[in-house]
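In this text the structure is predicted, and so the values were computed from the model without any measurement. Nothing fancy with the numbering, it's 1 onward along the sequence. First listed ligand is number 1; within each ligand, the first listed atom is number 1.
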Amino acid sequence: MKLTILGKYGPFPAPGGACSGYLLECGQRRLLLDLGSGTLSRLLQIVPKLQIDAILLSHLHSDHMGDLLILRYALQQYNARGRNVPMPLTVIAPDTPEEEYRLLTGSGVYDITVAQDNLRARIGDISITLHRMTHPVPTYAFDIEHGGRRMFYTGDTGWREDLPALCAGADLLLADACFSEAERAGGGIAPHLTASEAGRIAKEGGVKRLLCTHLWGGGCDEAQLRAEACAQFPDSAVAAEMQSYLI
Ligand SMILES: [Zn+2]
Ligand SMILES: [Zn+2]
């Protein structure tokens, strides 16, 4: 499997950056994990014909699904102009908040399977299992297996005791690691993991590698986040936009 970071920021992008969105290539198949603002432009640099097999949306916050609203136009326009782009496109996503969900339905562009805790899905030879996380709206982590390799994407979530067991043994953990411990101590922040908590999950879960993502777009100290993750789990890195990672 090959994971490419299309965007790593939330809940808004850093200057020149993009919100959460990840391309996962598994053999001949391509999945998108979230598609926040700014990620479609980057996806088109890599997959200009938009040959995507499915989109997995962790939740319906705009920093994770904003570009699906623009992707609608791309799919409709390309097909109207005779380019054979796959449509409707398979999407797995929660069906709430209702007003956000309605934006994805009705156009005939997306064929949506509603996310549920422990839902198992197959896209060709890729196995996907969903797990409900802790966030202000229904949010799911994705456990993805292909060809004997496995990655686990937390989506957005606060600390959960079950996370180490859920991701145990994964080859790559892609984790929300929004805050340093100092920022957490400052209080008043939404349910997200700190880099240290992401490292603890990686350590207790015995994963092979941790990639920290969902950095604050307003400016964050990446070296500090990496140091806090590495203090728990040495094989930690902060995701780099448009970089690919072999799993
Ligand atoms: Zn987010
Ligand atoms: Zn969120």
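- The distance cut-off of 2.8 Å around the Zn ion (ligand 2) captures these protein N, O or S atoms, sorted by chain and number: His59 NE2, His61 ND1, His135 NE2, Asp156 OD2.
- Residues satisfying the side-chain hydrogen bond (donor to acceptor under 3.5 Å, both in side chains) criterion with Asp176, sequence neighbours excluded, are His192.
- Note that CE of Met1 is 4.5 Å distant from CD1 of Ile247, once rounded to the nearest 0.5 Å.
- Every residue two or more places apart in sequence or in another chain that forms a side-chain hydrogen bond (donor to acceptor under 3.5 Å, both in side chains) with Arg122 is listed here: Ser127.
- In summary, Glu98 and Arg102 engage in a salt bridge, as defined by a charged side-chain N under 4.0 Å from a carboxylate O.
- Looking only at atom types and distance, the side chain of Ser180 has no donor-acceptor partner in the side chain of Gln224 under 3.5 Å away.
- Annotation: ring-ring contact (aromatic ring centres under 6.0 Å, His included) contacts of Tyr9 (sequence neighbours excluded): none.
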